[in-house]
Amino acid sequence: MDQRYNHKEIEAKWQKRWDAQDLHRAHDTSKKQKKYLLDMFPYPSSAGLHVGHPEGYTATDIVTRYLVMTGHEVLHPMGWDAFGLPAENYAIKTGAHPKKTTEDNIVNFRRQIKSFGFWIDWEREVNTSAPEYYKWTQWFFLLLYKRGLAYRKEAAVNWCESCKTVLANEQVVNGACERCKNPVVQKQLKQWFFRITDYAEKLLQGLDTIDWPEPIKRMQRNWIGKSEGATIPFHVMQSTDFVRSRDSQSSRMGIVGTVEVFTTRPDTLFGATYVVLAPEHGAVDVLHEHITNWSEVRRYRERAASKTDLERTDLAKEKTGVELQGLKAVNPANGEVLPIFIADYVLATYGTGSIMAVPAHDERDYAFSKKYHLPVREVIAASEPQESQCYTGAGTMKNSGKFDGMESAQAKWVITTFVKGKKTVQYRFRDWLISRQRYWGAPIPIIYCDVCGEVPVPEKNLPVELPTDVDFLPTGESPLTQSKKFHDVACPSCGKPARRESDTLDTFVCSSWYYFRYADARNPRAFASKKKMAEWLPVDLYVGGAEHAVLHLLYARFFTKVLQDAGYVDFDEPFMKLKNQGMILADDGQKMSKSLGNVVNPDEVVAEYGADTMRMYEMFMGPFEDAKPWNTKGILGVRRFLDKVWQLREKINIPTSDVRGTADVPTLQADLIRLLHQTIKKVTEDIVHFRFNTSVSALMILANAFAKEKHITRKSYKEFLKLLAPFAPHLAEELWEKVDQSANPLHPKGSRSRDMESIFKHPWPSYDEKLIAEDEKEIVVQINGKVRARFTAPADASDTDLQQQAFAHEIVQKWLAGNTPKKVFVAKGKLVSMVI
RNA sequence: GCCGGGGUGGCGGAAUUGGUAGACGCGACGGACUUAAAAUCCGUUGGGGCAACUCAUGCGGGUUCGAUUCCCGCCCCCGGUACCA
């Protein structure tokens, strides 16, 4: 007999047969309970599939097959996040058109993913770079535009010199471009934004309603960065006025302006010893004529503007600033006259772009005050003595006039009211910059007309197709401007000559809605029909890497909330449950990378060991959500296990399917049945909880037990195959078929035909708790906390029985040496512990 | 710096309403088969000790009859974030 199964033959056979039977189709009209399982769709890179891709896909595939076998109709689709920079950069290098290279890569990716035999409904495949898809991406842009959520404005934006395009804040990593790692600079440009900040509160609150990993939720909360505080007005005066007249009445005459500051600590207002504006703050320009050291101020502003984000944060350790001479601010709480600075530790983009500085209770202000010798005044007394001169906690008010003695938490809002400040909520994140000066993306459907201004492309004219007569070299202007045919159009509103917007959409716009499309992937009249969305959405389980914590996952939630407000869907969270897969590292523990030459090619693994082996190995490596190193030797162990399963079929030689107690069946059978039922329970629970590594282990334990037997029953083997089927579907199908073909001369053909159906048309095994319970247990005796003896006792033995048996034990007698223990504890069915 | 996750054999990892630490797999060692090797099968495998025992879940304390699990204080690694007032 063959000791090893022929994976090439078996896997090809079943993949073909499943396709022919349309087994993996998700039926919209099915009456079964519906489930929607989704993998983050891949970017079809030229490098081909990474071993990390099938890790997530196998997990969803296992759950899909399990759900199918437990009577559900499951949608598990796949598609391509096909727009993006790599294809365009490749085009710049080689001249190959992105459309062509992307199509080639998709063909390769599809072949690779299919080689794993995943339960995927390929009829629903989507490709974001296809006009029939991006037509709807453009439609979404128009929807947001109509709802006032898409706008164009000139602002300081992140600019990557190397990619020659702007970037969203979410795409700037440590002050550098996420893609090319070059430093990002600030540029004043007119760009398109989505008003995602309008949804800050909803995006925050929705997190409480979804089953996502806590770290991801926390990252989103931090990214949104809500803080409650107050805006407080400070009058600005010319300092000369103070010299002339010190009494506050007449000094009022000198007011030249007002600066609003945002603070989360209005309770510390009496401790403010200066005011700081961001270098870019508009008041600096407005008050220009009153500033007596203007050239110094101008120089500082220019230096701050030329810094990259990276430099600005790098130099952050040493704070810098310049006083605005000639101007003073008035503390509204006590009338004190304070100096005003500009300093780049205050950000123009957050709050009001200006702060009141309270060195005694803020670390940054404290550092600045030390450098420029500014006074520090404590106004909050800590309940315990502090080492540092800067105390940022809560406490009792002091040096604060009539508020002395009040608790700071309460004083906050009392003082805010006292100085006519406003309670204010601030969010850290900013609107989503969505325009890109690049070619390989969906064109923004807007036309600029000299007469009508900004005109949205009418829906009936969608899609606005990408032109092909362009050169890809990035110039800082979108390549689309080169195509006259594309660029010069008639205004849809007045018909006069007009220009098309030449920027394209951030690819994250394309991926913000693709999960809706799968519900109705070929619909030419809508992004998806309401009816079909109602059948499948929201997504029950979403699986992918954690790197999208604040990018894709935040944007997709935003889109869904907009769709709900617009009445297209009746839910506001797209992904009910989220699981993050851990990264698969190279065997040296490092990230797999071409430059290190440690990349494992899935094609080679599938060719050598088979898809079932690779699937199962990736599940066995370790906890799904942990990072884990690849070990080629470890694959061998899984392959040995599957070969063992293959050989087990030889042990079925009992003609009738399930007779117990025949001469051939040893007494061990009861133990085996118990183990089988324990395994059913374990595997079922582990699949539901994404503990695939321990379910594989449980399957191995059962197979090992079977292998020790001379014979096993057909029924128990078939139950085992069903448990194996989600993990190793090809082999399970093959053996399922084989076991039936070899069956059972006693049974007529009729009963055979049903069993001949795919194993996935059969119900998932159930277990019987009564059969799982052991009737005898091993009891451990601990003496002074250490295990000294063990004995077996009936599972239902009473505490006294157990105690008595323990005392009677030879070794225990020796330890007791005739004495009685001081204390005895019994843990039922587990142990007896005594102190002597 | 701040926030989060984690440190268990030679390796990947099991086991936590506190109750036999090391399941399962890899590797290693010994044996069978083979002219030989591979493959396969059987056995052993945390350290120390002939043994009785003893040490051991990052380090140091604590609570407990009993701690990988709970508490306090450190160290190290990984991920996120970066002056957000």
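Below, chain A is the first sequence line, B the second, and so on; all start at residue 1.
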(message) Please give the distance between the C1' atoms of B:rC55 and B:rU8 as a whole number of Å.
(response) 15 Å
(request) Take atom CG of A:Asn222 and atom P of B:rG4, then tell me their distance rounded to the nearest Å. (result) 9 Å
(request) May I ask you to verify if any side-chain N or O of A:Tyr350 is less than 4.0 angstrom from the OP1 or OP2 atom of B:rA85? (result) yes
(message) I need the CG-P distance between A:Asp344 and B:rA85, as an integer number of Å.
(response) 18 Å
(message) For A:Leu831 and A:Ile355, find the nucleotide of RNA chain B closest to each by heavy atoms; which residue's nucleotide sits nearer the 5' end?
(response) A:Leu831
(request) Could you check whether A:Asp365 gets within reach of a base, just the sugar-phosphate, or nothing at all, counting any heavy atom under 4.0 Å? (result) nothing
(request) Determine the interatomic distance between C1' on B:rG9 and the same-named atom on B:rU68; round to the nearest Å. (result) 14 Å
(message) Within the 4.0 Å limit for protein heavy atoms, which parts of nucleotides 60-70 of chain B are touched? Write it as a string from 5' to 3', B for base, S for sugar-phosphate only, - for none.
(response) -----BS----
Under-3.5 Å N/O pairs linking protein and nucleotides 5-12 of chain B:
residue : atom : partner  : partner atom : Å
B:rG12  : O2'  : A:Met621 : O            : 2.5

(request) Pick the C1' atom in B:rA67 and in B:rU20, then give their distance to the nearest Å. (result) 14 Å
(request) Looking only at side-chain atoms of A:Arg788, point me to the closest of B:rA23, B:rA82, B:rC53. (result) B:rC53
(message) From CG of A:Asp587 over to C1' of B:rG13, roughly how many Å is that when rounded to an integer?
(response) 17 Å
(message) I want to check something: taking the side chain as every heavy atom from C-beta on, are A:Phe807 and A:Met834 in contact at a cut-off of under 4.5 Å?
(response) yes
(request) Check A:Thr268, A:Asp365, A:Val259 against A:Met356 for a side-chain contact (heavy atoms from CB on, under 4.5 Å) and give me the one that passes. (result) A:Thr268
(message) Which residues pass the side chain to side chain contact (heavy atoms under 4.5 Å, CB included) test with A:Lys217, not counting sequence neighbours?
(response) A:Leu207, A:Ile210, A:Trp212, A:Glu214, A:Arg221
(message) With rounding to the closest Å, how many angstrom separate the C1' atoms on B:rG27 and B:rG12?
(response) 11 Å
(request) Please state how far atom CG in A:Leu802 lies from atom C1' in B:rG19, giving the value in whole angstrom units. (result) 14 Å
(message) Can you tell me if A:Lys591 has over 12 outside heavy atoms packed within less than 6.0 Å of its NZ?
(response) no
(request) Could you give me the stems involving RNA chain B, meaning stretches of three or more consecutive Watson-Crick or G-U wobble pairs whose two defining distances are both below 3.5 Å? (result) B:1-7 with B:75-81, B:10-12 with B:24-26, B:27-32 with B:40-45, B:46-48 with B:53-55, B:58-62 with B:70-74
(request) Go through the structure and list residues passing side chain to side chain contact (heavy atoms under 4.5 Å, CB included) with A:Pro726, not counting sequence neighbours. (result) A:Ile62, A:Arg65, A:Trp764
(message) With the 90 degree cut-off around zero defining syn, does B:rG12 come out syn or anti?
(response) anti
(message) Which residues pass the side chain to side chain donor-acceptor pair (under 3.5 Å) test with A:Thr273, not counting sequence neighbours?
(response) none
(message) Could you tell me how far B:rU69 sits from B:rU16 if I compare only their C1' atoms? Round to whole Å.
(response) 4 Å
(message) Rounding to an integer number of Å, can you tell me how far A:Ile232 CD1 sits from B:rA85 C1'?
(response) 11 Å
(request) Would you mind reading off the distance between A:Lys319 atom NZ and B:rA85 atom C1', rounded to a whole angstrom? (result) 11 Å
(message) Rounding to an integer number of Å, can you tell me how far A:Phe429 CZ sits from B:rU81 C1'?
(response) 16 Å
(message) I'd like the C1' distance from B:rA21 over to B:rA56, given in whole Å.
(response) 10 Å
(message) Any base atoms under 4.0 Å from A:Glu363, or only sugar-phosphate, or nothing? Heavy atoms, all strands.
(response) nothing
(request) Would you kindly give the NZ-to-P distance between A:Lys830 and B:rA15, to the nearest whole Å? (result) 15 Å
(message) Using atom P in both nucleotides, what's the gap between B:rG66 and B:rU54 to the nearest angstrom?
(response) 15 Å
(message) Applying side-chain hydrogen bond (donor to acceptor under 3.5 Å, both in side chains) as the test, list every pair that has at least one member in residues 346-357 of chain A; sequence neighbours left out.
(response) A:Ser227-A:Tyr350, A:Thr352-A:Ser354
Write down the protein N/O and nucleotide N/O pairs, taken from nucleotides 38-49 of chain B, whose separation is under 3.5 Å; answer none if there are no such pairs.
residue : atom : partner  : partner atom : Å
B:rU40  : OP1  : A:Arg640 : NE           : 3.1

(message) Under a 4.0 Å threshold between the charged nitrogen and the carboxylate oxygen, would A:Lys226 count as salt-bridged to A:Glu201?
(response) yes
(message) Please confirm whether the shortest side-chain N or O distance from A:Asn704 to OP1 or OP2 of B:rG25 is below 4.0 Å.
(response) yes
(message) Ignoring hydrogens and geometry beyond distance, is a side-chain donor-acceptor pair present between A:Tyr300 and A:Thr320 at under 3.5 Å?
(response) yes
(message) Using the side chain to side chain donor-acceptor pair (under 3.5 Å) criterion, which residues pair with A:Asp799? Sequence neighbours excluded.
(response) none
(request) Indicate whether OP1 or OP2 belonging to B:rG13 is found under 4.0 Å from a side-chain N or O atom of A:Thr694. (result) no
(message) Of the options B:rG25, B:rA85, B:rA23, whose atoms approach the side-chain atoms of A:Met700 most closely?
(response) B:rG25
(message) According to side chain to side chain contact (heavy atoms under 4.5 Å, CB included), who are the partners of A:Glu547, at least two apart in sequence or on a separate chain?
(response) none
(request) Report the residues that fulfil side chain to side chain contact (heavy atoms under 4.5 Å, CB included) with A:Asp643, sequence neighbours left out, ordered by chain and then residue number. (result) A:Arg4, A:Tyr5, A:Arg639, A:Gln647
(message) Looking only at the side chain of A:Pro623 (C-beta and beyond, no hydrogens), which of the listed nucleotides B:rA14, B:rA21, B:rG80 gets closest?
(response) B:rA14
(message) Once you measure the plane-to-plane angle for A:Phe341 and A:Tyr372, does it fall in the parallel (<30°), tilted (30-60°) or perpendicular (>60°) bin?
(response) tilted
(request) Return the 5'-most residue of the pair A:Ile811, A:Ala698 with respect to RNA chain B, ranking by each residue's nearest nucleotide. (result) A:Ala698
(request) Please work out if A:Ser227 contacts a base, only the sugar-phosphate, or nothing of the nucleic acid, heavy-atom cut-off 4.0 Å. (result) sugar-phosphate
(message) Test of understanding: with side chain to side chain donor-acceptor pair (under 3.5 Å), list the residues that count as partners of A:His552, not counting sequence neighbours.
(response) A:Tyr542
(message) Test side chain to side chain contact (heavy atoms under 4.5 Å, CB included) on A:Leu724 and A:Met616; report intermediate values, then the result.
(response) CA-CA 10 Å; A:Leu724 179 73; A:Met616 209 147 184; 3.6 Å; yes
(request) Could you tell me whether the side chain of A:Ile584 reaches within less than 4.5 Å of the side chain of A:Val600, counting heavy atoms only? (result) no
(request) Taking atom C1' in both B:rG25 and B:rU45, compute the distance separating them and give it to the nearest angstrom. (result) 14 Å
(message) Categorize A:Arg430 for me: base, sugar-phosphate, or nothing, with a 4.0 angstrom heavy-atom threshold over every strand shown.
(response) nothing
(request) Write down the atom of A:Val605, the atom of A:Trp630, and the distance for their closest heavy-atom approach. (result) CG2-CZ2, 4.0 Å
